[in-house]
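Naming: A, B, ... by sequence-line order, numbering from 1 per chain. Both backbone and side-chain heavy atoms feed into the values below; hydrogens, waters and symmetry mates do not.
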Amino acid sequence: MQKTPYEILGLSEGASLEEIEAAYEKLRAEFVEKMFLEGEAGNAAARRVTEIDNAYRDLKAELESSHVHEDSFRVENVYDEIERLIKAGQVNDAQDKLDNLAVRDATWHYYQSIIFYRKKWYLDSKKQLEMAVSQDPDNKRYRDALERLNRLLNGELPPQGGPEEQARRQQQQAAQAYQQQQQMGATDDCLSSCAQCLMCNLLCNCCCR
Amino acid sequence: MFGYVLPEKPHLYFKDFDLYRGLYCGLCKSIGSHFGQIPRLTINYDVTFLSLLLHSFEGIDVKIEQEHCILHPIRKRPVASDDPLTEKLAAVNLLLSWHKLRDDVLDEKKLVAKMGCSALKRAYRAAKKALPRADEIIAEQYEKLRSLEKAGEESPERAADTFAEMMRRLCKELASKEDENLFDLAYLVGKWVYLIDALDDLQEDFAKNNYNPFLKAYPNFENKAAFLKENKEELGFLFTGTLTAMRESFSKIPFGFNTDLLENILFRGLPQMTKIINEDHLCKKHRTKF
């Protein structure tokens, strides 16, 4: 079976450049020493050294080519990172990352509105979304989000969960319904005050005709 | 700041009226027995609401008995008996009142506030000893609020966040189990209280040149009626959004008891108060008393 460059160097996929270099140096030094053994052992070691050199060269070339694309994706990666942080509930970290961005375009205002929504600052969220829409009027995603938020005025909070969440909630409500029959503070006194009211009413009807 | 979280009388069941009165009076008596008679004057409806919320959430029933009280010496009234949760809330009541007064002293330097602070000093120290973390939370959040006010914060929601976060953290401190929806509800009620109070005090703050987040957010204030009319849509969105979110959070909390009273307060009482203050119908002294 063909070994992958990672396997040759004894690393897992996605190892960093530093890890690759460290593994390469260590492994190469080990087999270079063994190259001076006599007979087959020496030859085998020499073959391993060549294998290690090729693997290192291939991995390095691969990593370097991906770095070239990294800069252009950096801004998009930041928004992905912000979205990930928001979904993980780390709203303050997401806000910090957003604050560090210099360009305040429609996308920036859109993500700021999401963060404000999570913080329950609904009016501020709406204002940010309005700014996003005014800067990028053709963006359907922003328009739809603003429309959903406006429905708050009618008492409909945009749902955060999918169908499973809503089904789970219905089950939970059904389970609670039985528990909630019990009245807090129910004592005879409650009945007696009702009885008092009834008596008063009766007396008043008798006297004050 | 206190006195806005009230039930709506017309739709209140007798059983819930008694329960509400019982919790209020129970809290007052608890303050009296643990912290002295003078601090009883600081009893407020907001902490009564917290008492209702937490007793319901924790599944702790209250025993209501007919008792006399110093203000009502003739007819006995329903009073909820003391329990560990009520004792903690009595301490919270005191801490909140003391820090509010201190805030007034630092901001507006009111003489009444200064006198109040010194009258409550001893009781405050006892409450601080009973719940040191709660005291830290309240002190920290009021400090954050003061610095935002000094900087002239223009976003009402950001200003309200300090007070709302205080309610969330207090609720977290008092609850025996974690429930994010409960804490969210506490946050939203705190936010609502701060904003309603700010809106109610508009005229007074304008006259005295005090900080008010609405005056900062919407300059060109002439008089309250014109202001409310001009900014009706945005204010409407602000409060409706908060109330809707409260309904959402409330629906996800598992309560141990019947929630008629909680629902009356949250879904009738608060909207009614919002309407009153946004339309400036009744001035403070004519509002429903309990």
Study note, to complete from the structure: Rounded to the nearest 0.5 angstrom, the OG1-CE distance for B:Thr259 and A:Met184 is 11.0 Å
Point to revise | Partners meeting side chain to side chain donor-acceptor pair (under 3.5 Å) with B:Asp82 (sequence neighbours left out) | key: B:Ser30, B:His34
Check your understanding: Side chain, backbone, both or neither: which part of B:Tyr187 has a non-hydrogen atom closer than 4.5 Å to chain A?
Key -> side chain
Exercise for review: Check A:Gly185 against B:Ile64 and note the closest heavy-atom contact, atom names and distance.
Suggested key: O-CG1, 3.9 Å
Review point. For A:Lys127, is it the side chain, the backbone, both or neither that has a heavy atom under 4.5 Å from a heavy atom of chain B?
Key: side chain
Review point. More than 12 heavy atoms of other residues, nucleotides or ligands under 6.0 Å from NZ of B:Lys177: is that the case?
Key: yes
Exercise for review: Output yes when a side-chain donor or acceptor of B:Glu157 lies under 3.5 Å from a complementary backbone atom of A:Leu123, and no otherwise.
Suggested key: yes
Practice item. Please name the pair of heavy atoms, one in B:Ala245 and one in A:Tyr122, separated by the smallest distance, quoted to 0.1 Å. Key: CB-OH, 3.1 Å
**Study point:** Spatial distance of atom CZ (B:Arg158) from atom CG (A:Asp124) [nearest 0.5 Å]
**Key:** 7.0 Å
**Study point:** Pair B:Asp161 + A:Lys119, salt bridge at N-O below 4.0 Å
**Key:** no
Review point. What part of B:Leu243 lies closer than 4.5 angstrom to a heavy atom of chain A: side chain, backbone, both or neither?
Key: neither
Practice item. Under the ring pair (Phe, Tyr, Trp, His ring centres under 6.0 Å) rule, collect the residues that match up with A:Tyr56, sequence neighbours excluded. Key: A:Tyr24
Review point. Is it the case that A:Lys126 places NZ or CZ above or below the six-membered ring of B:Phe237, under 6.0 angstrom from the centre and within 45 degrees of the axis?
Key: yes
Review point. Can you tell me how far CG of B:Asp184 sits from NZ of A:Lys120, rounded to the nearest 0.5 angstrom?
Key: 4.0 Å
**Study point:** Interface moiety of B:Ser81 toward chain A, non-hydrogen atoms closer than 4.5 Å
**Key:** neither
Check your understanding: If we only count heavy atoms from C-beta on, is the A:Gln183 to B:Asp16 side-chain gap below 4.5 Å?
Key -> yes
